[in-house]
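Here the structure comes first, spelled out in structure tokens, and everything after it is commentary.
Just so it is clear: chains get the letters A, B, ... in the order the sequence lines come, proteins before strands, and each one is counted from 1. Fair warning: this is a prediction, and the values are worked out from it, not measured in the lab. Below, each value reflects all heavy atoms present in this structure, side chains not excepted, and no hydrogens, waters or symmetry copies.
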Amino acid sequence: MSIFINKDTKLVVQGITGRDGSFHTKQAIEYGTNVVAGVTPGKGRQTFEGAVPIFNNVYDAVAKTGANTSVIYVPPMGAADAIMEAVDAGIALVVCITEGVPVLDMTKVYPFVKERGARLVGPNCPGVISPAQAKVGIIPGRICIPGPVGVVSRSGTLTYEVVYQLTRAGIGQTTCVGIGGDPINGTNFIDCLSAFEKDPSTKAVALMGEIGGTDEQEAADFVKNHMTKPVVGFIAGQTAPPGRRMGHAGAIISGSAGTAAEKVEAFKAAGIGVAVRPMDFVELIRAKLH
Amino acid sequence: MSIFINKDTKLVVQGITGRDGSFHTKQAIEYGTNVVAGVTPGKGRQTFEGAVPIFNNVYDAVAKTGANTSVIYVPPMGAADAIMEAVDAGIALVVCITEGVPVLDMTKVYPFVKERGARLVGPNCPGVISPAQAKVGIIPGRICIPGPVGVVSRSGTLTYEVVYQLTRAGIGQTTCVGIGGDPINGTNFIDCLSAFEKDPSTKAVALMGEIGGTDEQEAADFVKNHMTKPVVGFIAGQTAPPGRRMGHAGAIISGSAGTAAEKVEAFKAAGIGVAVRPMDFVELIRAKLH
Amino acid sequence: MNIHEYQAKELLHGFGVPIPNGKIATTPAEAEAIAKEFGVAVMVKAQVHAGGRGKAGGVKFCKTPADAREKATAILGMQIKGLTVEKVLVTVAADIGSEAYVGIIVDRQRKKPVFMVSAAGGIDIEQVAAQTPEKILYLPVDTRYGLRGYEAMRMGFFLYRDVKLAKQAAKIMQQLYSAFMASGCSLAEINPLVATPAGELIAVDGKMVIDDNELDRHAEIEALRDVSSEAASEVDARNCNLTFIKLDGNVGCVVNGAGLAMATMDLVKYYGGEPANFLDIGGSSNPEKVVNALRIITADANVKCILFNIFGGITRTDDVANGIVTATKANPLKVPIVIRLTGTNEEIAMKILTDNGFSASADMDEAVKKAVATAKGGKAA
Amino acid sequence: MNIHEYQAKELLHGFGVPIPNGKIATTPAEAEAIAKEFGVAVMVKAQVHAGGRGKAGGVKFCKTPADAREKATAILGMQIKGLTVEKVLVTVAADIGSEAYVGIIVDRQRKKPVFMVSAAGGIDIEQVAAQTPEKILYLPVDTRYGLRGYEAMRMGFFLYRDVKLAKQAAKIMQQLYSAFMASGCSLAEINPLVATPAGELIAVDGKMVIDDNELDRHAEIEALRDVSSEAASEVDARNCNLTFIKLDGNVGCVVNGAGLAMATMDLVKYYGGEPANFLDIGGSSNPEKVVNALRIITADANVKCILFNIFGGITRTDDVANGIVTATKANPLKVPIVIRLTGTNEEIAMKILTDNGFSASADMDEAVKKAVATAKGGKAA
């Protein structure tokens with residue numbers, strides 16, 4: 001079992017013929033993901049690598065192939081449009097890898113996706129992988145093995161780091177989700193924690209947060225009140241210099257929230273194990289599993 | 001009993017100090033409607049007729065008086081904004097009397113109201129009256145008496161005509177609703193028929209339609225499939241000259257639909273009694289009630 | 001409100017839609033001069049607010065300036081559906097590869113503006129819709145989000161297989177949508193949207209209808225109104241905030257509310273009469289409106305009896321009564337009048353009328369019967 | 001991206017927001033001439049991308065042109081938070097009746113732009129927020145619908161009891177919102193919004209921060225960038241698509257991804273070292289980026305060891321390896337380098353490095369420990 005993606009995932013790749021899109025599509029196919037379609041306007045009726053049919057738009061891709069999940073590798077100015085297209089075409093899970101999506105675009109995308117009951121992961125995220133089942137996005141397949149740990153993280157490469165260390169220690173994963181670090185993203189920690197709580201295969205969760213915002217504090221509240229499974233957390237940025245504050249407004253809206261110390265406190269108060277170094281996940285998770 | 005409004009209605013009047021707003025507010029109060037507040041920006045802290053407190057906005061009116069229903073008499077360019085303000089402030093039923101609201105404004109108002117689960121009646125409508133309980137809008141109170149008939153109509157004065165004839169014949173009404181004739185309105189025939197079907201006091205329904213569109217045909221379908229109570233209908237415009245068609249697009253989108261003959265056919269096919277003249281409602285309804 | 005083809009195309013061009021070069025002529029000599037200036041074959045096109053101009057002979061292809069003069073001579077002054085052609089558009093004749101239809105209209109059912117596009121453009125698009133509906137793509141736009149890029153591209157690819165044409169078309173859809181929203185339209189059409197053999201798209205004909213309710217916000221659009229191309233009585237009525245449509249009968253109807261006005265006309269017919277007009281004095285009333293309504297109706301020599309049917313809600317019946325008294329004092333009526341009034345301030349209204357020598361009833365059926373009889377030869381008080 | 005006060009105010013003025021007359025001076029003589037031209041008391045205001053200008057003495061009231069010259073002399077060249085003042089805004093001093101605060105920022109929690117307005121404006125607005133939160137109205141805007149009239153009026157009445165001032169304020173909220181959306185802002189502020197004793201509102205100070213992700217759509221805003229007011233190394237890094245923040249330590253870090261970069265710095269510190277910088281080479285990689293990163297880091301004389309920590313996902317580790325080889329061939333390194341690489345194309349990368357005489361590890365913890373030790377005096381291979 002897993003969350004969000006599995007053996008039944010039928011993936012359409014938006015931007016399949018671009019540099020990143022084509023590279024990672026090959027990797028996804030090699031990993032065994034069921035890539036059923038690609039989309040590049042103007043390249044309809046061609047095929048990708050002689051195997052995956054390309055369509056001019058997501059509607060056609062869904063109509064012809066029954067795709068249920070989409071991954072987006074289009075340039076930042078077109079990413080919001082690509083997300084909305086996928087959702088409009090009936091895709092239930094959209095994973096947007098694109099970095100640099102204007103945040104004001106996302107203020108419209110977010111309600112659009114909610115209105116239609118779809119799920120968006122990202123943008124500016126590494127995607128989702130359910131080891132030995134499917135890989136949607138750019139998380140390297142070889143660093144993962146199947147197993148009992150759910151992984152959720154705001155950052156990309158830090159996720160790889162932790163997953164890689166778990167894997168080297170023989171601790172596999174149900175699903176790893178990179179939710180992305182943009183100000184407005186489609187899926188947050190709580191969405192993932194809630195899904196892991198419901199997934200019978202997941203026995204423990206590893207959560208990687210960062211300084212800034214209050215998502216980690218809210219996640220801690222959720223763990224305290226709604227989770228029965230053990231959670232181990234990490235906060236990156238303990239030594240980061242305070243960012244330049246954004247006007248008076250930035251100070252007013254965030255107040256004193258967002259420091260690493262505050263987040264670590266919230267974790268401790270919620271009974272979340274705290275990893276001081278990324279490598280600490282291994283022992284902490286191992287202890288929770290036994 | 002009744003639909004939409006009753007003795008528990010607590011009314012706020014938006015545009016209470018305007019010509020129409022003040023005139024009809026006095027009439028509503030005389031009728032016994034519980035008018036709890038008025039809104040005119042800049043006249044907050046004054047009172048209307050020494051009795052109804054005026055607020056600068058609907059939020060304040062709701063917070064201070066618990067208003068649950070609003071009626072709108074503001075000029076057409078401000079009507080969309082007034083509707084959204086009422087709904088945003090938590091008003092459950094908004095009745096917009098204003099005529100001349102740009103239809104493109106309504107393309108945003110409609111989903112706004114739906115999203116928040118509120119009900120809009122109108123715009124460009126005479127409002128709602130539940131005889132001897134409450135009057136929200138401009139339907140003259142003296143032409144109504146309480147009784148078993150639900151009335152719903154696309155037109156204003158034609159509604160009065162029919163209600164007046166019913167009343168003169170001693171046949172009273174549970175609620176009369178003028179839904180308005182604008183291209184996009186908040187409440188349609190089906191919404192009202194469905195409410196009348198559920199209202200135990202309503203024993204029969206009088207429905208007044210017009211040429212144009214397909215609302216009456218859809219209402220007929222609803223009556224056929226979902227109503228147990230008898231319905232009598234009328235279509236105005238049997239002799240009206242065909243309107244000037246609106247480009248090719250108008251012809252394409254409406255096809256041949258919308259003629260009086262077609263609507264009358266739909267009524268007959270659904271078992272709806274057809275009044276040829278407005279006065280025919282009296283005998284047809286009387287027969288259904290016995 | 002209707003605007004002319006040339007005005008619609010200029011508006012669209014302001015949003016970036018490519019259109020052929022063109023100028024307006026009001027005389028054959030002007031048409032010739034414009035054709036000479038362009039130095040290529042032109043179209044001479046009647047500018048009137050009526051469909052079917054082409055079939056009526058109001059649109060002609062001209063190879064030479066002399067030809068343009070000749071065709072303009074024929075078209076200027078021509079009557080199309082009762083309207084006199086006072087202006088022609090002289091415009092460069094496009095090289096036509098293919099013709100598509102693009103329209104956008106506010107749809108009651110979907111409660112949204114809906115695009116309709118078809119690769120089978122031209123004047124027979126309604127037939128396409130009726131006989132081969134699969135050749136039309138309907139695309140509703142959620143105005144909260146605007147027309148999204150992928151929707152525009154979807155229409156582009158529905159019209160053209162070639163990606164360059166599809167992208168050009170998508171851009172034109174965005175421009176058309178912007179023009180539609182910014183101008184407060186209820187309809188905007190490009191028909192035909194021509195693809196030239198060189199692979200360029202160009203809007204060869206354009207039509208826009210503006211929502212009258214938007215005009216208060218769009219003085220620049222209101223300024224495009226061409227009253228010379230509308231019936232004088234309708235212009236007069238609109239200036240007085242009345243909705244008026246002239247018909248062929250002899251019972252002049254003054255009613256408040258469109259539904260009741262139609263029901264009144266239906267009842268006139270039911271009792272064997274013929275309505276002379278549709279006239280709705282609308283909601284919020286004042287005596288002035290009634291004075292204007294009487295002036296407009298009595299200008300029609302066919303009218304043998306005037307029927308007022310007023311049911312007061314937001315309209316106050318005393319305003320109507322005062323209007324009748326004022327108007328008839330200034331210009332005594334030459335035809336009999338039958339008055340039916342009930343509703344808001346009915347008692348005051350009845351007193352005003354009685355004090356001034358009018359009789360009035362509160363019963364619609366009775367009043368209509370009486371008006372029909374009067375028009376046929378009887379006489380009202 | 002930050003823009004200067006004078007630029008923000010000009011942008012806002014373009015959307016209709018009233019601002020006091022003002023001009024930019026780069027010399028005291030210019031400041032004097034501008035003050036003379038205005039003929040009234042002026043403010044001389046340092047234009048620099050740093051908060052707290054007033055408290056640092058960068059904003060002064062001047063009664064006479066001579067006074068303006070003197071104050072400009074003091075302010076031009078002054079250092080504020082490490083930045084040199086190169087321009088001053090000379091602007092008409094407004095008559096101040098009351099000062100309000102108006103700000104709009106994109107809020108992560110609400111996922112919307114949120115207005116914050118308070119009648120208690122001025123430089124201590126954060127204190128107001130902390131101590132008397134009821135004095136601030138928060139108003140989130142649903143961008144699908146835009147800022148609605150009633151929302152703007154609600155803010156107007158929250159700031160002013162007087163209806164005329166409230167309506168003026170509502171209009172300014174609309175203008176500010178339009179400017180915010182049209183310019184792709186993440187922040188826009190008017191502080192103070194001054195009500196003059198005569199009952200006019202005027203934006204006496206303005207601030208706008210642009211979402212860097214929007215700049216591709218807004219060439220006119222990108223053109224407002226003033227590189228002279230930013231640290232040279234950060235300008236250099238941005239031009240190379242790198243995110244770089246200089247710090248005071250001696251371990252130069254080159255990492256891909258902000259989270260891993262922070263975790264790497266944390267680990268450097270954990271093992272007793274001090275990071276010299278934050279440097280994220282970002283997602284999609286190419287060798288060029290690595291070359292630029294090395295150039296920027298080695299420009300810092302404090303750096304005693306360079307630590308690469310690359311975990312390849314969308315970044316290909318072979319691109320990074322090639323970048324290291326290219327850069328060091330062109331400019332041989334003067335400090336030791338510790339390389340940690342794993343992930344996408346790791347085998348190819350390892351071969352490239354080995355073939356060129358570098359050693360590299362796949363273990364983060366080990367690499368960080370080694371870099372810290374090296375910086376303290378050891379030596380890497």
Side-chain angles (χ1 to χ4, degrees), chain A residues 19-20 23-24 27 76-77 97 99-104 106-108 110-112 124 126 137-140 143 153-161 164-165 181 183-184 208 210-215 234 236-241 245-253 255 260 276-279, chain D residues 51 101 103-109 111-114 116 125-126 129-130 136 142-144 181 184-187 189 191 207 209 211-214 216-217 245 247 255-260 262-263 265-270 275 278 282-284 310-316 342-344 364-365:
Chain A
R19 185 181 196 267
D20 293 333
F23 180 82
H24 290 287
Q27 302 239 320
M77 294 303 143
I97 308 302
E99 185 182 346
V101 181
V103 67
L104 291 179
M106 289 304 300
T107 64
K108 289 194 174 179
Y110 187 81
F112 189 93
N124 188 18
I138 64 176
I139 300 179
I143 65 171
S153 170
R154 253 168 84 176
S155 86
T157 46
L158 177 59
T159 318
Y160 310 163
E161 189 65 52
Y164 184 51
Q165 302 207 6
I184 299 179
M208 281 133 265
E210 288 179 8
I211 50 171
T214 56
D215 283 6
F234 174 84
Q238 316 256 357
T239 60
R245 71 168 196 182
M246 208 193 265
H248 295 285
I252 296 171
I253 204 130
V276 177
R277 301 171 300 171
M279 64 183 306
Chain D
Y101 170 85
I104 175 168
I105 191 168
V106 177
D107 180 27
R108 299 178 77 105
Q109 301 310 116
K111 301 183 194 295
K112 286 174 182 152
V114 176
M116 285 169 276
I125 183 69
E126 287 98 326
I136 297 186
D142 188 331
T143 57
R144 297 174 301 164
M181 295 300 291
C185 288
S186 26
L187 166 85
E189 275 181 345
N191 184 31
K207 181 175 177 63
V209 179
D211 179 358
D212 291 334
N213 294 342
E214 296 264 5
D216 277 354
R217 301 185 168 136
I245 299 170
L247 299 172
V255 190
N256 65 323
L260 188 60
M262 287 192 289
M265 290 157 67
D266 292 350
L267 206 60
V268 165
K269 188 116 181 176
Y270 181 85
F278 171 98
S284 283
I310 305 295
F311 207 121
I314 207 160
T315 302
R316 304 193 201 164
T342 192
T344 308
M364 171 172 169
D365 217 60

Heavy atoms of A/Glu161 and D/Leu260 approach each other most closely as OE1-CD1, 3.9 Å
Working to the nearest 0.5 angstrom, can you tell me the gap between D/Glu214 CD and A/Leu104 CG? 5.0 Å
Please find the pair of heavy atoms, one from D/Arg217 and one from A/Pro102, that lie closest to each other, and give the distance. NH1-CG, 3.7 Å
Quick one: pull up CG in A/Leu158 and CE in D/Met262 and give me the separation to the nearest 0.5 Å. 8.5 Å
Given a strict heavy-atom distance threshold of 4.5 Å, which part of D/Asn191 is in contact with chain A: side chain, backbone, both, or neither? side chain
How many angstroms lie between atom OH of D/Tyr270 and atom OG1 of A/Thr239, to the nearest 0.5 angstrom? 13.5 Å
Ranked by heavy-atom pairs below 4.5 Å to chain D, first place among A/Ser155, A/Gly100, A/Gly156 goes to A/Gly100
Closest non-hydrogen contact found for A/Thr157 with D/Phe311 is CG2-O, 3.2 Å
Please look at A/Val276 and chain D and tell me whether the side chain, the backbone, both or neither of the residue comes under 4.5 angstrom of a heavy atom of that chain. side chain
Distance from D/Met364 atom CE to A/Met279 atom CE, nearest 0.5 Å? 10.0 Å
Side chains of A/Gln238 and D/Lys269, heavy atoms from C-beta outward: is any pair under 4.5 Å? no
For D/Gly259 and A/Ala236, work out which heavy atoms get closest and say how close. O-CB, 3.7 Å
Examine whether an atom of A/Ile143 lies under 4.5 Å from a heavy atom of chain D, and if so say whether it belongs to the side chain, the backbone or both; otherwise answer neither. side chain
Spatial distance of atom OG1 (D/Thr344) from atom OH (A/Tyr160) [nearest 0.5 Å]: 7.0 Å
Below 4.5 Å from any heavy atom of chain A, which atoms of D/Asp266 appear? Answer side chain, backbone, both or neither. both
Region of A/Met77 that comes under 4.5 Å of a non-hydrogen atom in chain D: both
How many angstroms lie between CE in A/Met106 and OG1 in D/Thr143, if you round to the nearest 0.5 Å? 10.5 Å
One option among D/Ala130, D/Gly184, D/Ala258, D/Ala263 has the most heavy-atom pairs under 4.5 Å with chain A, and it is D/Ala263
When the 4.5 angstrom heavy-atom criterion is applied to A/Phe112 and chain D, the contacting part is neither
Heavy-atom closest pair (D/Lys112 atom, A/Ile184 atom, distance to 0.1 Å) is N-CD1, 4.3 Å
Examine whether an atom of A/Pro278 lies under 4.5 Å from a heavy atom of chain D, and if so say whether it belongs to the side chain, the backbone or both; otherwise answer neither. side chain
